[in-house]
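Every chain is numbered from 1, with letters handed out A, B, ... down the list of sequences. These figures come from a predicted structure and were not determined experimentally.
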Amino acid sequence: MTTNGHFNRNRARTLFEKVWDQHLVRPQTPDTPAVLYIDLHLVHEVTSPQAFALLRERGLKVRRPDKTLGTMDHSTPTTPRNALGIIPVTDQMAAAQLDVMRKNCADFGIPLYDLGTSNQGIVHVIGPEQGLTQPGMTIVCGDSHTSTHGAFGALAFGIGTSEVAHVLATQCLLQNQPKTMAIRVDGRLQPGVTAKDIILAIIAKIGVGGGTGYVFEYMGEAIRSLNMEGRMTICNMSIEGGARAGLVAPDDTTFEYVAGRPYAPRGADWERAVAAWRQLPSDDGAVFDNEVTLNADDLVPMITYGTNPGMGMPITGRVPDPDHLSDVSQKMALDKALKYMALQPGQPLLGQRIDVVFVGSCTNSRISDLREAARLIKGRKVAEGVRMLVVPGSQQVKAQAEAEGLHEIFKAAGAEWREAGCSMCIAMNGDQLQPGQYAVSTSNRNFEGRQGKGGRTFLASPLTAVAAAVSGVITDPRELMN
Amino acid sequence: MEPIRVFSGRLAPLPINDIDTDQIIPARFLKVTDKEGLGAACFSDWRYEADGSPKPDFVLNQPVYQGASILIGGHNFGCGSSREHAPWALLGAGFRAVISTYFADIFRNNALKNGLLPVVVDAEMHQQLISLAQEDPSAEVTIDLEAQSVTLPDGRQVTFPIDPFSRYCLLNGVDQLGFLLSLNDQIEAYEAQHAARVLTTSA
């Protein structure tokens with residue numbers, strides 16, 4: 001552990017400790033938290049208005065608009081553009097919130113990727129896409145899935161609106177140093193098993209509170225074998241295990257992904273940056289406060305059955321029985337979840353009828369997710385009575401998918417091809433489940449009502465989502481891959 | 001912010017584990033641009049039927065728990081989304097403290113910045129407080145921030161942890177932004193030292 005920031009440079013440190021130490025403006029003291037410098041602040045329309053209001057009230061400026069980027073994603077419609085190429089916002093409250101965002105960014109000099117413009121998209125898709133997300137950085141946003149950016153070896157985490165104001169005004173955050181947990185995933189994934197299945201298995205193992213107070217570092221052969229978008233899927237859901245941040249050490253896969261993107265360093269700057277990034281991985285002998293291990297060889301596609309992301313199981317499994325739990329509060333929680341989901345203890349989920357399939361969200365809306373989904377759905381049809389939405393994570397992802405003809409594959413199958421945004425993951429833009437409907441969703445939360453009041457969510461990978469869409473029931477995607 | 005020292009209040013028991021912030025304030029209420037009116041939507045989906053009428057069996061709708069200012073939640077209270085609307089909604093619904101065995105990180109941070117006290121007690125005391133609230137809804141407990149204690153009507157007392165900086169800010173009614181602003185020189189020095197790493201979002 002770093003004590004008050006006075007670390008011994010020869011001591012073996014973790015990736016997290018290195019990034020933390022490099023960003024200390026002021027070390028933690030017995031009376032005050034550490035003051036951490038923030039390299040990139042991403043801002044969206046839902047969690048920022050009250051922060052800007054506080055700045056106005058105090059007569060404060062945004063300290064570093066050049067380290068701040070705004071986008072619109074949560075309350076934005078994903079419905080088609082009109083004849084003028086504009087995405088109409090019919091919800092008056094959403095329209096007002098988007099107007100406030102425009103005014104705030106204009107007044108405070110913050111660049112904004114406005115609705116429908118070529119770079120707009122989900123905040124955790126656009127940062128990496130633009131090359132703004134780089135190894136060794138500190139990145140925050142008023143959104144708990146900011147952990148996504150940890151895939152690059154950045155320390156990235158969600159903050160509340162008061163903290164959004166802190167960062168806008170001072171580019172700094174007050175933080176007590178978290179503990180570290182190594183999550184090692186050895187072995188190799190079998191066909192049909194993906195990064196989403198790894199993270200659902202991890203959360204099922206540790207529970208939704210298992211990582212509270214920790215920063216995760218994901219390591220091991222199975223993590224190293226993933227592409228950047230798979231690593232982002234895993235880091236994205238760190239918060240669903242209770243950890244504010246989850247990191248993967250940067251390597252050649254990382255550098256190749258960042259290289260050439262609009263904000264990536266170039267020329268000699270690039271060489272210097274990569275040399276510095278190569279120093280970031282945890283040293284041999286670095287000590288973690290806790291460790292969890294999994295073997296990817298044993299993993300099968302995962303799916304959730306309950307009302308938090310920790311209530312997950314292999315797709316071939318059976319819904320657990322509350323009567324088999326000894327802990328009273330856990331039994332009550334499972335009882336309540338199964339009642340909400342209208343599922344029976346001991347029943348399999350394979351064959352369970354579904355109404356809606358959602359492919360999208362900051363967890364699984366990147367081009368590789370869409371390619372995987374398209375490959376499996378090509379030549380098949382969405383089952384009668386099932387609605388399938390495919391929502392690209394950004395306008396750039398949408399354009400790339402269209403250049404590859406993926407949209408035609410989805411549309412031919414009978415799926416809806418949408419504009420970019422958070423959409424049915426958070427269901428505040430009109431894309432939502434009806435009460436009682438079942439959805440297989442590639443998003444990150446299956447909380448009660450998360451995808452619409454009374455809606456019931458099964459979280460799974462894009463492959464499992466497609467398998468359900470074309471079958472009309474929950475189906476093991478491996479059956480369609482032979 | 002008003003300073004917080006000692007306050008007494010009645011308890012409302014909601015002993016459910018892993019209460020996420022989507023339950024505390026569903027996303028459809030997040031289209032506001034201020035903090036007003038969120039109290040009415042607090043626990044909306046648990047509190048109201050589809051037609052808007054109150055569900056009579058939900059704790060916050062029961063007449064005996066009207067006016068309770070201390071919520072007892074289950075383990076891992078406030079998990080999920082980082083929305084600060086969750087503590088705003090709880091404050092708007094009249095709560096000044098939440099007692100649990102465990103709080104999710106971001107919720108705890110957000111609560112402390114708004115004067116909503118997250119009070120951690122052990123499992124045994126948690127159960128005793130739930131029983132007290134269920135058996136005698138009129139019972140009042142006293143929370144003393146300075147002493148970091150919860151006192152039951154029979155005089156039993158337990159202490160709770162809170163980081164010294166949050167405690168100082170709450171006791172004195174000052175917000176944390178003022179402290180950060182006072183460090184301007186150190187922030188400038190840091191920026192000068194790390195100029196080479198500057199990355200700009202302006203094209």
| task | Check Ile110(A) against Gly70(A) and note the closest heavy-atom contact, atom names and distance. | result | CG2-N, 3.9 Å
| Which portion of Gln127(B) sits near chain A, non-hydrogen atoms under 4.5 angstrom | neither
| field | Heavy-atom contact with chain B under 4.5 Å, split by part of Arg63(A) | value | side chain
| message | Heavy-atom pairs under 4.5 Å with chain A: which of Lys113(B), Arg28(B), Gln176(B) has the most? | response | Lys113(B)
| task | Counting only heavy atoms closer than 4.5 Å, note whether Phe29(B) contacts chain A via side chain, backbone, both or neither. | result | neither
| Thr47(A) side-chain N/O to Gly142(A) backbone N/O, donor-acceptor pair under 3.5 Å | yes
| field | Asp269(A) portion near chain B, given a 4.5 angstrom heavy-atom threshold | value | neither
| field | Aromatic contact, Phe77(B) with Phe107(B) (centres under 6.0 Å) | value | yes
| query | Side chain, backbone, both or neither: which part of Asn176(A) has an atom under 4.5 Å from a heavy atom of chain B? | reply | side chain
| note | Counting heavy-atom pairs under 4.5 angstrom with chain A, the leader among Leu180(B), Leu181(B), Asn110(B) is Leu180(B)
| field | Residue Val208(A) versus chain B: region with a heavy atom under 4.5 Å | value | both
| said: If we ignore hydrogens and angles and just use 3.5 Å, is the side chain of Thr212(A) paired with the main-chain N or O of Gly209(A) as donor and acceptor? | reply: yes
| Based on non-hydrogen pairs under 4.5 Å, which of Ile16(B), Asn114(B), Asp163(B), Asp175(B) is most in contact with chain A? | Asp175(B)
| said: Less than 4.5 Å to any heavy atom of chain B: does that hold for the side chain of Ala94(A), its backbone, both, or neither? | reply: both
| request: With a 4.5 angstrom heavy-atom cut-off, could you sort out which part of Met93(A) is near chain B: side chain, backbone, both or neither? | output: both
| query | Using non-hydrogen atoms only, which part of Ala189(B) is less than 4.5 Å away from chain A: side chain, backbone, both, or neither? | reply | neither
| query | Looking at OG1 of Thr133(A) and CG of Asp39(A), how far apart are the two atoms once the value is rounded to the nearest 0.5 Å? | reply | 11.0 Å
| Short side-chain donor-acceptor distance under 3.5 Å, Asp431(A) and Ser423(A) | yes
| query | Looking at Pro87(B), Ser44(B), Ser81(B), Cys79(B), which makes the most heavy-atom pairs under 4.5 Å with chain A? | reply | Ser81(B)
| remark: Okay, Leu98(A) and chain B: the region with an atom under 4.5 Å from a heavy atom over there is neither
| Gln186(B) portion near chain A, given a 4.5 angstrom heavy-atom threshold | both
| At a heavy-atom separation under 4.5 Å, does His85(B) approach chain A through its side chain, its backbone, both, or neither? | side chain
| So which of Asp18(B), Asp22(B), Asn184(B), Asn109(B) has the biggest tally of heavy-atom pairs under 4.5 Å with chain A? | Asp22(B)
| query | Relative to chain A, which segment of Asp105(B) carries a heavy atom at a distance below 4.5 Å: side chain, backbone, both, or neither? | reply | both
| field | Interface moiety of Val100(A) toward chain B, non-hydrogen atoms closer than 4.5 Å | value | side chain
| query | Tell me, side chain or backbone of Phe179(B) under 4.5 Å from chain A's heavy atoms, or both, or neither? | reply | side chain
| field | Salt-bridge contact Asp154(B)-Arg156(B) (side-chain N to carboxylate O under 4.0 Å) | value | yes
| said: Report which part of Ile239(A) has an atom under 4.5 Å of a heavy atom belonging to chain B: side chain, backbone, both, or neither. | reply: side chain
| field | Segment of Leu54(A) engaging chain B (4.5 angstrom heavy-atom cut-off) | value | side chain
| said: Tell me if the centroids of the rings in Tyr102(B) and His75(B) come within less than 6.0 Å of each other. | reply: yes
| field | Top of Leu183(B), Leu177(B), Thr21(B) for chain A proximity - count of heavy-atom pairs under 4.5 angstrom | value | Leu177(B)
